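Here's the structure, in structure tokens; my notes come after.
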Amino acid sequence: MFLKISNTIAGELRAVTGLPDVGLVEGGEHADLASTVAFSLAKTRKQNPAQISAELAATLSSRPELASVKVAAKGPYINFILGPGYIEETLREAVRPGYGSVPVRPGRVVLEHTSANPNGPLHVGHIRNTIIGDTLARCLKKAGHRVEVQYYVNDMGRQIAIVSWGFSHLGISRNEGEKGDHHVARVYIAANREIKSDPSIVEEIDSLMQDVESGDPAVSASFRSAVSQCLDGFKVTLERLGAYHDRFVWESDFIRNGDTERVLDGIKRLDECHTDGRMWLDLSEFGFEKEYVLRRSDGTSVYAARDLAYHIWKGRNFDRMIDVLGADHKLIGAQLIATLKLQGEKYPEIVYFEFVSLPEGSMSTRAGKFVSADQLLDEVTAKAFEEVTVRRPELDVDKRNAIARSVALAAIRYDIVKISPEKSTVFDWKEALDFERQSGPYIQYAYARACSILEKAGEFEEAYTLERESEIALAKHLAKFPYTIEMVVKELKPHLLAIYARELADLFNSFYHFEPVLKSEGLTRKSRLTLVKATQNTLGEALESLGIDAPRTM
RNA sequence: GGGCCUGUGGCUUAGCCAGGAUAUAGCGCCGGGCUUCUAACCCGGAUGUCGGGGGUUCGAAUCCCUCCAGGCCCGCCA
């Protein structure tokens with residue numbers, strides 16, 4: 001609704017001024033939308049901008065397309081205030097199930113996220129990737145895109161060789177009840193300690209990497225076993241996080257099926273390719289000084305070569321590729337894109353996020369310095385259970401456990417997704433365990449409240465007459481939901497939805513405290529109930545897109 | 001040394017790419033509000049050289065230059 005009226009107003013302004021850019025901005029407290037076009041016209045027309053805006057406002061007021069919009073000049077600004085017709089149409093749309101969704105669009109999108117190395121459990125840094133990626137996938141689907149979500153399993157890297165070596169040399173057995181990924185971390189940390197005290201082990205690691213690339217069955221099986229064990233642990237964590245992958249793609253498959261060799265053969269023919277024992281690309285025409293090495297002098301391929309094969313495969317099977325990667329991948333991501341361009345292949349859109357560190361410094365799986373996602377989930381869930389028990393002591397344990405799980409997931413996902421990805425953050429237990437303002441549970445609570453009102457109200461006839469300030473502000477925000485989803489998908493910025501949902505909950509809570517719903521009467525009651533229903537529906541859709549449960553009671 | 005990102009009240013943060021009207025919220029602080037639709041809530045108040053300095057513009061948190069501070073990257077690692 002908001003999108004539609006914005007386009008109409010912009011179109012009218014263009015028609016009236018003849019300018020392509022009509023300076024349409026948010027109106028703040030003055031209006032719903034405003035135009036600053038009078039400033040730019042002031043120069044060419046050599047007139048006072050206030051005079052121009054007054055004239056334009058008068059002209060626009062008489063346009064039939066803007067019949068439901070109040071147009072008024074205020075100084076140099078042209079203000080647009082959306083009227084009752086807009087509110088009514090918004091409410092009619094917002095009460096419908098699936099509000100904000102659009103029909104399926106042509107083309108398929110492949111979105112890769114998380115793809116952490118299987119050398120230890122997912123930690124609070126990795127799950128920033130998971131949550132950004134999963135939220136994007138949900139928003140893309142809501143916006144009508146067909147999406148396949150993939151996890152790229154780095155199963156033949158040096159880290160995995162170290163884990164494999166550790167398993168066969170250190171005899172570290174799995175503890176009772178220990179998750180596979182946590183066990184792998186202990187092996188990995190111990191193996192690194194061994195390497196540090198005896199650097200000659202590095203030769204054994206190198207030899208393992210050569211064996212796996214040449215397809216040695218025993219070594220491959222050993223790698224695969226370690227990776228599978230870790231991945232099984234990841235899957236449990238991802239499930240708890242409410243994040244879903246359609247497919248796990250194994251890096252080694254691109255060696256086994258010959259894709260990597262074929263890709264390297266193709267690259268060999270490029271002018272930018274140099275072979276001096278190793279094989280590398282000169283990407284200086286793209287501004288990269290660094291040599292982009294694809295094959296070692298011992299003949300084995302490096303990660304970049306396999307990644308190239310993976311992306312070419314994705315590009316040929318999908319219409320659009322999106323990768324979610326840590327900011328440490330910026331250089332290699334840009335090199336990957338440059339190389340794909342050289343080959344005339346499709347290249348990915350990459351969403352980067354900055355690092356999450358601990359108060360004591362950066363996280364390191366190798367050094368055992370990390371807070372695992374499992375630990376975070378456990379502690380937040382325990383705290384949530386305490387909270388639920390205090391607030392709802394009458395509920396039985398199962399019910400309280402269910403709410404606690406839902407609240408914990410909301411707290412974790414929201415805490416992470418609300419921060420714009422380009423901001424590096426420091427993990428803070430106090431914030432993670434806070435379920436109040438600007439949190440996921442806060443939004444869930446608004447939803448549960450709306451559900452409670454609707455349940456008590458029973459059947460009612462919908463009506464669309466809103467008069468109070470808090471009602472109108474709420475309804476106007478509902479109108480922006482489809483626009484917000486559009487923006488998230490267009491800009492690949494999931495935090496916009498997080499901010500939107502929080503603002504919606506804020507406005508609903510204010511409305512709730514100012515205007516009685518069930519105790520009001522007649523048209524007012526019907527209209528307010530319709531507003532509550534529209535809000536409940538929109539909050540539900542927003543929460544679903546954020547990967548957060550929408551509990552009817554909490 | 002070079003490249004990328006970040007710097008907004010004591011703390012966290014939106015807005016920046018597509019420049020506009022007194023800069024968005026939260027935490028914390030001060031003061032109110034639960035016999036009233038779920039107080040995981042609401043209302044009011046104090047708190048800002050939008051890192052510093054130049055520039056462009058009628059207008060700069062937003063664009064350009066420069067400096068400062070922090071993070072990340074610059075492996076025949078992934």
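To find a chain, count down the sequence lines: A is the first, B the second, and so on, and within it residues start at 1. A quick note: this is a predicted structure, and the numbers were derived from the prediction, not measured.
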5′-ward residue of the pair L331(A)/R392(A) relative to RNA chain B: R392(A)
Position toward the 5' end of RNA chain B (nearest nucleotide), F39(A) or R552(A): F39(A)
Any [X] side-chain N or O less than 4.0 Å from OP1/OP2 of [N]:
X	N	answer
S420(A)	A14(B)	yes
H495(A)	U24(B)	no
R502(A)	U13(B)	no
S510(A)	C43(B)	yes

Parallel, tilted or perpendicular: rings of Y151(A) and F248(A) (30°, 60°): parallel
W429(A) and F427(A) aromatic ring geometry - parallel, tilted or perpendicular at 30°/60° bounds: perpendicular
Any protein N or O atoms within reach of nucleotides 7-9 of chain B? Criterion: under 3.5 Å, listing atom names and distances.
residue, atom, partner, partner atom, Å
G7(B), OP1, K423(A), NZ, 3.2

So [X], base contact, sugar-phosphate only, or nothing? Heavy-atom distance under 4.0 Å.
X	value
K490(A)	nothing
K418(A)	nothing
E491(A)	base
A42(A)	nothing
E503(A)	nothing
R391(A)	base
Y445(A)	base
V532(A)	nothing
M554(A)	base

Shortest non-hydrogen contact from E379(A) toward L433(A): O-CD2, 3.8 Å
Closest non-hydrogen atom pair, G120(A) against F234(A): O-CE2, 3.0 Å
Salt bridge between [X] and [Y], side-chain N to carboxylate O under 4.0 Å?
X	Y	value
E261(A)	R295(A)	yes
D276(A)	R278(A)	yes
R552(A)	E455(A)	no
E394(A)	R392(A)	yes

Per-pair stack call Y77(A) and A21(B), 5.5 Å, 30°: yes
State the pairing partner of [N]; accept Watson-Crick or G-U wobble contacts with both distances under 3.5 Å, and report none otherwise.
N	result
U62(B)	none
U13(B)	none
G19(B)	none
G75(B)	none

Student check: side-chain heavy atoms of W280(A) and D282(A) closer than 4.5 Å: yes
4.5 Å side-chain heavy-atom contact, V517(A) and F511(A): yes
Which pairs would a plain distance check flag for residues 484-502 of chain A, meaning a side-chain donor or acceptor within less than 3.5 Å of a matching protein atom at least two apart in sequence or in another chain?
residue, atom, partner, partner atom, Å
T484(A), OG1, K480(A), O, 2.8
E486(A), OE2, R105(A), NH2, 3.0
Y500(A), OH, H477(A), O, 2.7

E213(A) and S301(A) side chains, donor-acceptor separation under 3.5 Å: yes
Y310(A)-D253(A) side chain donor-acceptor pair, cut-off 3.5 Å: no
Please give the distance between the [atom1] atoms of [N] and [M] as a whole number of Å.
N	M	atom1	result
C43(B)	C5(B)	C1'	39 Å
G10(B)	C29(B)	C1'	10 Å
G32(B)	A69(B)	C1'	42 Å
G26(B)	U13(B)	P	16 Å
G51(B)	U6(B)	P	12 Å
U62(B)	U56(B)	C1'	13 Å

Close N/O contacts between protein and nucleotides 61-64 of chain B (under 3.5 Å):
none

Distance-only donor-acceptor test (3.5 Å): side chain T36(A), base G20(B): yes
Under 3.5 Å donor-acceptor pair, N79(A) side-chain atoms to A21(B) base atoms: yes
B/S/- contact track for nucleotides 31-37 of chain B, protein heavy atom under 4.0 Å: -----SB
E436(A) CD - C11(B) P separation (whole Å): 22 Å
Just list the side-chain donor-acceptor pairs under 3.5 Å for residues 199-208 of chain A, sequence neighbours left out, or say none.
residue, atom, partner, partner atom, Å
S200(A), OG, D198(A), OD1, 2.6
S200(A), OG, D198(A), OD2, 3.4
E204(A), OE1, W165(A), NE1, 2.7
D206(A), OD1, R158(A), NH2, 2.1

Atom pair OG1/CD1 of T425(A) and I419(A) - distance to nearest 0.5 Å: 7.0 Å
Filtered N/O pairs between nucleotides 76-78 of chain B and protein, under 3.5 Å:
residue, atom, partner, partner atom, Å
C76(B), O3', R296(A), NE, 3.3
C76(B), O2, S297(A), N, 3.0
C76(B), O2, S297(A), OG, 3.1
C76(B), N3, S297(A), OG, 2.8
C77(B), OP2, R296(A), NE, 2.4
C77(B), OP2, R296(A), NH2, 2.8
C77(B), O3', R296(A), NH2, 3.4
A78(B), OP1, R296(A), NH2, 2.8
A78(B), OP2, Y303(A), N, 2.9
A78(B), O2', N117(A), OD1, 2.8
A78(B), O2', N117(A), ND2, 2.8

Within 6.0 Å of OH in Y347(A), more than 12 heavy atoms from elsewhere: no
